[in-house]
Participant: 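Can you keep this structure in mind? I'll have questions shortly.
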Amino acid sequence: MKISRLLLFMLMVIAVNGLFSWLSNLPQDAGPDVPDGKISSVSFAPFREGESPLTEVFPTAEEIDEDLRLLSTETHTIRTYASTRGLTDVAAMAQKYGLNVIQGAWIGGMTMAEENQAEIDQLIKVANQYPDVIKRVIVGNEVLLRGELKPEQLLQYIRQVKKAVKQPVSYADVWSFYIRYPEIAKEVDFFTVHILPYWEDEPLKIEDTAAHIEKNYRKIREAYPDKPILIGESGWPSAGRQRGWAVPSVVNEAKFIRSLVQLANKNGFDYNIVEAFNQPWKSQLEGVVGANWGLYSADRKLVFPLTGNVTENPLWLKQLLYAGLITLLAVGWQAKALVELGSLRLLGFIGFTQLLSVLLVNQVAGNWYTSYSLIERLHALCMAGLSVLLGALILRRTLDGLSDKLSEKSGVWIRYLMLAFVAIALYKSQALALNGRYLSFPSPQTIIPVIGTVCFMLMSYLVNRKNFTFSRAINDLLGTQTLSVQRAKTIGWILAVTGLSLIIFETAFVMQNSNYEQAYPIVTERIYAALMVTLNYSQLFGWPLLITAALLKMQLRAGAYALTFMVLAIITGETCTFIMGHDFIESYPNVGERIWISFVYTITNPQLLLWLASLLILALPLWKYQEKTTLGA
């Protein structure tokens, strides 16, 4: 009878979760289908995992050919950004699949004058060699936005190409730069403008993006009524951090592209979607969000269809099965103790177990999908291992509480694992506060200790309603014993040495994955720049280990103070990012109004609020914990 009740409750909990998962992943209407299932043009950068223009590891001819064959079913035209760098034969291959090409030349600063000229020479060569394939050419991409060239320097390259080719010549940059630099507008044959509502200084809801694109297109048309306009880049990310009210998601990317196609067809706009494939290498520069703008994933699987309904997470059923299996294993492991619980306590424990299982599976799936190198996958596995260990300990502690068998000793390792997650939270929070534009909010990384703490509080209240206090519940979770001073000191030194060693290794890794030698010819400057990157690289462990070592030497409330400070720092940093935006200043010239609007965008961001709540929940045990005895004294 008791086993039957256990199995019944477990099936009930898994069924409820299955219903919720099914409802939250129903196929959604993403707008009218793209006519013929093909878009007009798409940005083509064929880099796969392990390939990057930064490290000069380029796609093979076979990979490019495979990609063009795949794209021939999705688009009529491709836009390239370079004419060398492994892309010299794209036009010839595109011709084989009936694709037109908007050929680009990548232009950098004057320190790259030789490389720039090689790009120009190759652009001219292929444009003249394949005039029936290459319909237009673009000299430079956002080089003015990056501040690498002055307008008069860029004009020299544009004029050189115009003299040598018959195709129309343009330059590509954000739409406002054509207003800012009329000398460039005068020289080009057509305007290539980038309109990316997600990256605007004032980010928009997905429902407002089509009107925004039309408004900015009209601004260019009013300023320059006599030349053609190509919307050279417009798109939406499928994953990554929310900016203001701009939410990356698969469904939102599909909605954006379909609404853009509908807008373009209605008004006769010429457009190019960014981009064909997710670009893993961009994660080094623009985080997870920068790597996920493709119609296809990095492993060439379609992110969403151009016709029909769209599912946010097509793998939801598989993840549901994994979560159910973990719950089955956890409940089976503790079945002997569980059958002795009352019905309400038993149901609560199984529900708690299933919740942690779902969160763990989602964390692992998300981390793995957004890991683009060996070191990032090692980080994902380490995070999964820490989460499994802490989740198992919290479940065991919860079962002890529900069975009225709590001991002082068994919570000690929960305390120190919690400190490790606090260190991870502090490391990621300082990066968000100082330079969080491209960094995802790391709520999934700490979701197990956060939800574990909240659910343990609820279980404690269920057991001790009359005598419940937060302080008592926290002590029940963490135990009242701690490591001896000597043992804590030894562990602290081990963590510090390991952390420093990892920082050295991770700094060397960062230097090998970008053009540091060229950008920083002086060795000391190169090392310093790479070291600073490790402070903002969200998938490293060196700094968190150092922070954990420091926390071991402090009172727990010092960690609570630090977490609370990070809440204020992140709000300030996010608000200041909006306040200092060039276009945001123009839209809100009154300082008081600009500060208020920026603050509203910040505090109405659900992803940010979830992370701030996570920090405060992690701080709660550090505030309320009361030490009593030590182990190994």
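If you read the sequence from its start, that first residue is 1, and numbering goes on from there.
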Participant: Classify the ring geometry between Trp293 and Trp199 as parallel (under 30°), tilted (30 to 60°) or perpendicular (over 60°).
Facilitator: parallel
Participant: Starting at OG1 of Thr73, measure out to OH of Tyr97 and round the result to the nearest 0.5 Å.
Facilitator: 11.5 Å
Participant: Look at Asp67 together with Arg48 and state whether they make a salt bridge at an N to O cut-off of under 4.0 Å.
Facilitator: yes
Participant: Please check this pair: side chain of Glu148 against backbone of Gly108, looking for a donor-acceptor N/O pair closer than 3.5 Å.
Facilitator: no
Participant: What are the two closest non-hydrogen atoms of Pro280 and Ser283, and how far apart are they?
Facilitator: O-OG, 2.8 Å
Participant: When you check the gap from the basic side-chain N to the acidic O, do Lys162 and Asp189 get nearer than 4.0 Å?
Facilitator: yes
Participant: Indicate yes or no: does Arg218 engage Glu214 in a salt bridge with an N to O separation below 4.0 Å.
Facilitator: yes
Participant: Test your reading of the model: is there a side-chain donor-acceptor pair from Asp208 to the backbone of Leu204, 3.5 Å cut-off?
Facilitator: no
Participant: Which value, rounded to the nearest 0.5 Å, describes the distance between Glu233 atom CD and Tyr271 atom OH?
Facilitator: 15.0 Å
Participant: Apply side-chain hydrogen bond (donor to acceptor under 3.5 Å, both in side chains) to residues Thr84 and Glu119 and explain how you reach the verdict.
Facilitator: CA-CA 6 Å; Thr84 61; Glu119 279 283 325; 2.3 Å; yes
Participant: With ring pair (Phe, Tyr, Trp, His ring centres under 6.0 Å) as the criterion, how do Trp236 and Phe256 come out once you've worked through the C-alpha distance, each side chain's angles and the decisive distance to 0.1 Å?
Facilitator: CA-CA 7 Å; Trp236 196 266; Phe256 180 91; 5.8 Å; yes
Participant: For the OH atom of Tyr296 and the CG atom of Leu302, what is their distance to the nearest 0.5 Å?
Facilitator: 5.0 Å
Participant: Can Val261 and Phe269 be said to form a side chain to side chain contact (heavy atoms under 4.5 Å, CB included), step by step?
Facilitator: CA-CA 9 Å; Val261 172; Phe269 293 169; over 6 Å; no
Participant: Answer yes or no: is there an ion pair linking Asp270 with Arg136, defined by an N-O contact shorter than 4.0 Å?
Facilitator: yes
Participant: Applying the side chain to side chain donor-acceptor pair (under 3.5 Å) criterion to Arg79, which one of Asn100, Thr192, Asn141, Asn272 satisfies it?
Facilitator: Asn141
Participant: How many angstroms lie between atom OG of Ser440 and atom CG of Asn367, to the nearest 0.5 angstrom?
Facilitator: 10.0 Å
Participant: If you look at every heavy atom in Pro46 and Leu87, which pair is closest and at what distance?
Facilitator: CG-CD2, 3.7 Å
Participant: Under a 4.0 Å threshold between the charged nitrogen and the carboxylate oxygen, would Glu574 count as salt-bridged to Arg241?
Facilitator: yes
Participant: More than 12 non-hydrogen atoms from neighbouring residues, nucleotides or ligands closer than 6.0 Å to CG on Asn590, yes or no?
Facilitator: yes
Participant: Identify the two heavy atoms, one from Ser297 and one from Val303, that lie closest to each other, and give their separation to 0.1 Å.
Facilitator: N-CG2, 3.5 Å
Participant: Does a side chain donor of either Tyr157 or Gln117 reach within less than 3.5 Å of an acceptor in the other side chain?
Facilitator: no
Participant: Would one find more than 12 heavy atoms of other residues, nucleotides or ligands at under 6.0 Å from atom CD of Glu152?
Facilitator: yes
Participant: Looking only at side-chain N and O atoms, does Thr602 offer a donor or acceptor that is under 3.5 Å from a partner on Thr575?
Facilitator: yes
Participant: With Tyr601, which residues qualify under ring-ring contact (aromatic ring centres under 6.0 Å, His included), at least two apart?
Facilitator: Trp245, Phe578
Participant: Ignoring hydrogens and angles, state whether a donor on the side chain of Glu376 or Trp368 is under 3.5 Å from an acceptor on the partner side chain.
Facilitator: no
Participant: Please confirm whether Phe191 and Tyr224 have ring centers closer than 6.0 angstrom.
Facilitator: yes
Participant: Determine the minimum heavy-atom distance between Met580 and Ile585, stating which atoms define it.
Facilitator: O-CD1, 4.0 Å
Participant: Please walk me through it: do Asp89 and Ile64 pass side chain to side chain contact (heavy atoms under 4.5 Å, CB included)?
Facilitator: CA-CA 9 Å; Asp89 298 323; Ile64 294 173; over 6 Å; no
Participant: Starting from the C-alpha separation in whole Å, work towards a yes-or-no answer on salt bridge (charged side-chain N to carboxylate O under 4.0 Å, His left out) for Glu63 and Arg300.
Facilitator: CA-CA 11 Å; Glu63 289 172 337; Arg300 278 38 185 177; over 6 Å; no
Participant: Answer yes when Glu275 and Lys282 have at least one side-chain N-carboxylate O distance shorter than 4.0 Å, and no when they do not.
Facilitator: yes
Participant: Looking only at non-hydrogen atoms, find the nearest pair between Ile220 and Tyr178 and report the distance.
Facilitator: CD1-CB, 4.1 Å
Participant: Go through it in stages, so that I can follow the logic: the residues are Lys205 and Glu207, the test is salt bridge (charged side-chain N to carboxylate O under 4.0 Å, His left out), and I'd like the CA-CA distance, side-chain angles, deciding distance and then a yes or no.
Facilitator: CA-CA 5 Å; Lys205 294 180 180 179; Glu207 295 81 9; over 6 Å; no
Participant: Check the side chains of Gln607 and Ser443 for a donor-acceptor pair under 3.5 angstrom, ignoring hydrogens and angles.
Facilitator: no
Participant: Quick one: pull up CD in Gln160 and CG in Leu123 and give me the separation to the nearest 0.5 Å.
Facilitator: 9.5 Å
Participant: May I ask you to say whether Arg159 pairs ionically with Glu187, meaning some side-chain N is under 4.0 Å from a carboxylate O?
Facilitator: yes
Participant: List the steps and the verdict of side chain to side chain contact (heavy atoms under 4.5 Å, CB included) for Phe58 and Glu51.
Facilitator: CA-CA 6 Å; Phe58 300 115; Glu51 300 169 346; over 6 Å; no
Participant: Evaluate side chain to side chain contact (heavy atoms under 4.5 Å, CB included) for Tyr217 paired with Leu263, printing each intermediate quantity in order.
Facilitator: CA-CA 11 Å; Tyr217 185 99; Leu263 175 71; over 6 Å; no
Participant: Are side-chain N/O atoms of Trp611 and Ser429 paired as donor and acceptor at under 3.5 Å?
Facilitator: yes
Participant: More than 12 non-hydrogen atoms from neighbouring residues, nucleotides or ligands closer than 6.0 Å to CZ on Phe599, yes or no?
Facilitator: no
Participant: Would Asn313 and Asn25 count as a side-chain hydrogen bond (donor to acceptor under 3.5 Å, both in side chains) if you check the C-alpha gap in whole Å, the side-chain angles of each, and the deciding distance to 0.1 Å?
Facilitator: CA-CA 6 Å; Asn313 179 16; Asn25 285 285; 4.5 Å; no
Participant: Test side-chain hydrogen bond (donor to acceptor under 3.5 Å, both in side chains) on Tyr171 and Asp173; report intermediate values, then the result.
Facilitator: CA-CA 7 Å; Tyr171 163 68; Asp173 215 320; 2.4 Å; yes
Participant: Step by step, work out the side-chain hydrogen bond (donor to acceptor under 3.5 Å, both in side chains) result for Tyr81 and Ser43.
Facilitator: CA-CA 8 Å; Tyr81 290 79; Ser43 294; 2.7 Å; yes
Participant: Indicate the atoms forming the closest heavy-atom contact of Thr77 with Leu99, along with that distance.
Facilitator: N-CD2, 4.3 Å
Participant: Just verifying a value: how many Å separate Glu253 CD and Tyr198 OH, rounded to the nearest 0.5 Å?
Facilitator: 12.5 Å
